[in-house]
Student: 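What follows is a structure written as C-alpha cells; I'll ask about it next.
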Amino acid sequence: MPELVHKTEERQTNLKADIDDIALTKEGISDFYWPINPAETTAFGRALIEALVSFFDRHKDQGSEIDLYKIVMKYIVAETCGLFLGDLLRVRLERDAMVLNVPDHWEKWPYLLHKKTPPPPKFLSMLYARKQQGSLYKKIFQPRRVLSLLKKMQFRPGAMELDGLKVAALTPDILANGIICTQRTPLITAHADQCDEDVIFCRSHRWFSEVNENDLAQAMAKRSDAVEDDLISTVRDLYAKWDVTFLPHDEAYMRAYVRDAVASIRVHMERLAKRDDLPRRLWTGSGGNIWDLMLRSVVFDRGGRVTGHDHGAGSGHVDMFVIGHIEFWKCHSFVTYNDVQVREISKAAKGWPVIDGHVPQVESVEGSRPVSILLNEKFSSPDAAVKKIFLLSTIYDRDRGRSMPLYPDLTYIDWQARLIGRLKEWGYDVYLKPHPESPVMPPAFFEKEFGVKIAQAPFEEIRGQADLFLFDYTYTSVIFPALQSNTPMMIIDFEGMNWYPEAYDLAQKRCSIIQGGYDDHNRIFVDWDDVRQGIKDAVMKCNNHEFVKTYFM
C-alpha cells in the first residue's frame, strides 16, 4: 500500500461537511478525517435486505397487507441505511472527540448528530402527489430536450412511434390484448423489435392520482400494529449487531416513515384494484420505479402477464445481489441482453436474498438490434495520444444512505482532488461529468483551481469529445455506452466490484482496470504509477470488443 501522510498532531476537532467549504489542495482535504469504512455500511445494507426477506417470510400469511411493505422495501432499505450511517457517524465522532459541522438544509445529519428526529423525506410528498417526471412545461421549454425527443419520433400513416414503441390511445381492445410498456430503454426497444405485435408506450402515472388527507387517514386506520412492530424490532436487532443503539428518535423517524409510506401505497393499490382499464400484458423497466412496481403488482395478481427488464448496464457480468429484491418480484419474466447474461444471472440468483423466493424466468433479446461499435478513427492507431480525460463521477450523496457502496462525500472529494491534481500535473485536460441525480454539484474548487471543465450534457452527446473515459465508480449504467465505443477506458475499482471471472478477464482486454482501496484512516489510496501507466495502456486496448460482444450482442 502506498504510504499516505496524515497529520496526527494538533488535528482540528471541528470539521466541515459541506463540500464547497472544505479546505482542498491537490493533496486532497487538509487534515483528512472520516471514521467509517464503506465496507461496514455495505455489509449493513446486505444484512438489512436479508433480514427484511426473513421478515416478509414471517408474515407471509398476511397476504396483501405484507405486500404493501414489499412494494416499499427498496425505500425502507435506503432510509434505514441513511439512518444507520448518521447514527454510526455520531458514535464515531463522540469516540474521537470530533465535531462535524453540517449545513442546516441537509436531510438527516443536522438532526441525527444531535439525537433528534429528522423531518419526513421528500419521497413521501412525491408519493402523495404522484409526481414521476419533471414538469412537462420545463421539458418543453428546453430546446435540447425537444430536439432530442423529435429525433426519436417516427410518423407513419395512422400511427406515431417513439424509440420504436407505438404511441396510441389505450382502447379496451388494446388493454385486453396488446402489450403496454411503461418505460423507454434501449433494451426494451430491442425487445420490441422481436415482437410481431406493436408495443404501446404509456407511462404508468396514467393510472395514478393524488392522495388527500382523508384518504391517508382512512388508510392509516387499517395498518397492522403487529407487522409494524416486528419491522421496527428487525431494524433494532440489526443495529445491535453493529454495536449501535437504536434510539427513540430513530424509532420515531422509522415509524412515521413506514406508516406514511405504507398508507400512501395502500391508497394507490386500493384504487388500482377497482380499475377496469389495466393492461393484461405489461412490460416495465426497473422494478426500482415505485409506480411501475405498484402497477405490475396488481396486473400480476389479476392474472395478467408481467415482464421486467434489466437496467442499462446489464446484471450478468457482476454479482449484484440487489437485483433479487428490486427486479424479480411480481414479474413472470425478466429480460436481459443475451444468453450469457441469462446464464450468469440465473446462477447467481441462487445465492441472492429474493422476496418470496420468487425468481422469474430469465430471458434474453439476443440477436435483436445488434449493438454497434461507435468508432473514433483517431483510435484506430495505437500511436494515438490521450489529451482529454472525461471523469465520469457518481453522486455526491450528501447525507443520504444506500445499500450499495457509494463514497461518503468527504472521502470522494478528497480522492477526486488528488486524482485531478495528478492528471493536471501530467498534462491532461480534465472534464468532469457529474451524475445527473446528484443533489449537489462538484466543488467549485475543481474549476477555479484546477481548471476542470464541467460537462453537463447527456453522456451520449459528449462521448465523442473524449480521448479517455475514467470511471471511479463501477455500478453505473454509462459504462455500457462507453464500452460501445473504441475510446480508451480506465476503471479504478475501490469497492471490490464482484466481477464474474470471465467478465473481468474480458473487461481487462478492453480497458485498464486499476485496483484501489482504503487505508487505516478510511482514505482512498491507489498506486499513482499504475494510474499513469494505465492511461497509456488503455489506448492499446481500446479496439478489443470481446466484452461487449460476449455480454451485449
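Remember, it's a predicted structure, so these values are computed and weren't measured experimentally.
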Student: Could you tell me whether Arg532 and Glu425 make a salt bridge, using a distance below 4.0 angstrom between a side-chain N and a carboxylate O?
Tutor: no
Student: What is the ring orientation for Trp352 with Phe328, classed by angle as parallel under 30°, tilted 30 to 60°, or perpendicular over 60°?
Tutor: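 Trp352 vs Phe328 ring planes: tilted.
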Student: For Tyr75, what residues pass the ring-ring contact (aromatic ring centres under 6.0 Å, His included) criterion, not counting sequence neighbours?
Tutor: Phe123
Student: Between Tyr407 and Trp415, does a ring pair (Phe, Tyr, Trp, His ring centres under 6.0 Å) hold up when you go through it step by step?
Tutor: CA-CA 10 Å; Tyr407 311 108; Trp415 150 251; 8.4 Å; no
Student: Any side-chain donor paired with an acceptor under 3.5 Å for Asp529 and Gln533?
Tutor: no
Student: Give the ring-plane orientation class for His191 versus Trp283, where under 30° counts as parallel, over 60° as perpendicular and anything between as tilted.
Tutor: parallel
Student: How far apart are the closest heavy atoms of Ser485 and Phe469, and which atoms are they?
Tutor: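 Between these two residues, the closest heavy atoms are OG-CE1, 3.8 Å.
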Student: If you look at every heavy atom in Tyr412 and Asp472, which pair is closest and at what distance?
Tutor: OH-OD1, 2.7 Å
Student: For a quick check under 3.5 Å, do Asn376 and Thr487 share a side-chain donor-acceptor pair by atom type?
Tutor: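 Short answer, no.
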Student: Ignoring hydrogens and angles, state whether a donor on the side chain of Asn486 or Asn543 is under 3.5 Å from an acceptor on the partner side chain.
Tutor: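 Asn543 and Asn486 do have a side-chain donor-acceptor pair below 3.5 Å.
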Student: Going by atom types only, do Thr336 and Ser364 share a side-chain donor-acceptor pair under 3.5 Å?
Tutor: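 Ser364 and Thr336 do not have a side-chain donor-acceptor pair below 3.5 Å.
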Student: Between the side chain of Thr189 and the main-chain N/O of Thr185, is any donor-acceptor distance below 3.5 Å?
Tutor: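 Here the side-chain-to-backbone pair exists.
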Student: Can you see which heavy atom on His521 is nearest to which on Phe32, and at what distance?
Tutor: O-CE2, 3.5 Å
Student: Verify, without hydrogens or angle tests, whether Arg463 (side chain) and Pro481 (backbone) share a donor-acceptor contact under 3.5 angstrom.
Tutor: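 Yes.
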Student: Is there a side-chain contact between Met73 and Phe56, using heavy atoms and a 4.5 Å cut-off?
Tutor: yes
Student: According to the interplanar angle, ranging from 0 to 90°, do the rings of Phe480 and Phe552 count as parallel (below 30°), tilted (30 to 60°) or perpendicular (above 60°)?
Tutor: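 Answer is parallel, since the angle falls under 30°.
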Student: How close do Gln183 and Arg203 get, counting heavy atoms only, and between which atoms?
Tutor: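 For Gln183 and Arg203, the tightest heavy-atom pair comes out as OE1-NH1, 3.5 Å.
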Student: Quick one: do Ser512 and Asp537 satisfy side-chain hydrogen bond (donor to acceptor under 3.5 Å, both in side chains)? Show the steps, please.
Tutor: CA-CA 7 Å; Ser512 297; Asp537 293 344; 5.1 Å; no
Student: Cation-pi check, Arg184 to Phe201: give yes when NZ or CZ is under 6.0 Å from the six-membered ring centre and within 45° of the ring axis, no otherwise.
Tutor: yes
Student: Under the salt bridge (Lys or Arg N to Asp or Glu O under 4.0 Å) criterion, do Lys509 and Glu546 qualify, and how do the steps go?
Tutor: CA-CA 8 Å; Lys509 293 182 179 181; Glu546 292 178 64; 3.5 Å; yes
Student: Answer yes or no: is there an ion pair linking Asp409 with Arg398, defined by an N-O contact shorter than 4.0 Å?
Tutor: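 Here Asp409 does not pair with Arg398 in a salt bridge, since their nearest N and O are not under 4.0 Å apart.
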Student: Closer than 4.0 angstrom, basic N to acidic O: yes or no for Glu197 and Lys166?
Tutor: no
Student: Using every non-hydrogen atom in the two residues, find where Val354 and Ala349 come nearest and quote the distance to one decimal.
Tutor: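 Looks like CG2-O, 4.3 Å.
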Student: Flag this pair as yes if the NZ/CZ of Lys433 is under 6.0 angstrom from the six-membered ring centre of Phe390 and inside a 45 degree cone about the axis; otherwise no.
Tutor: no
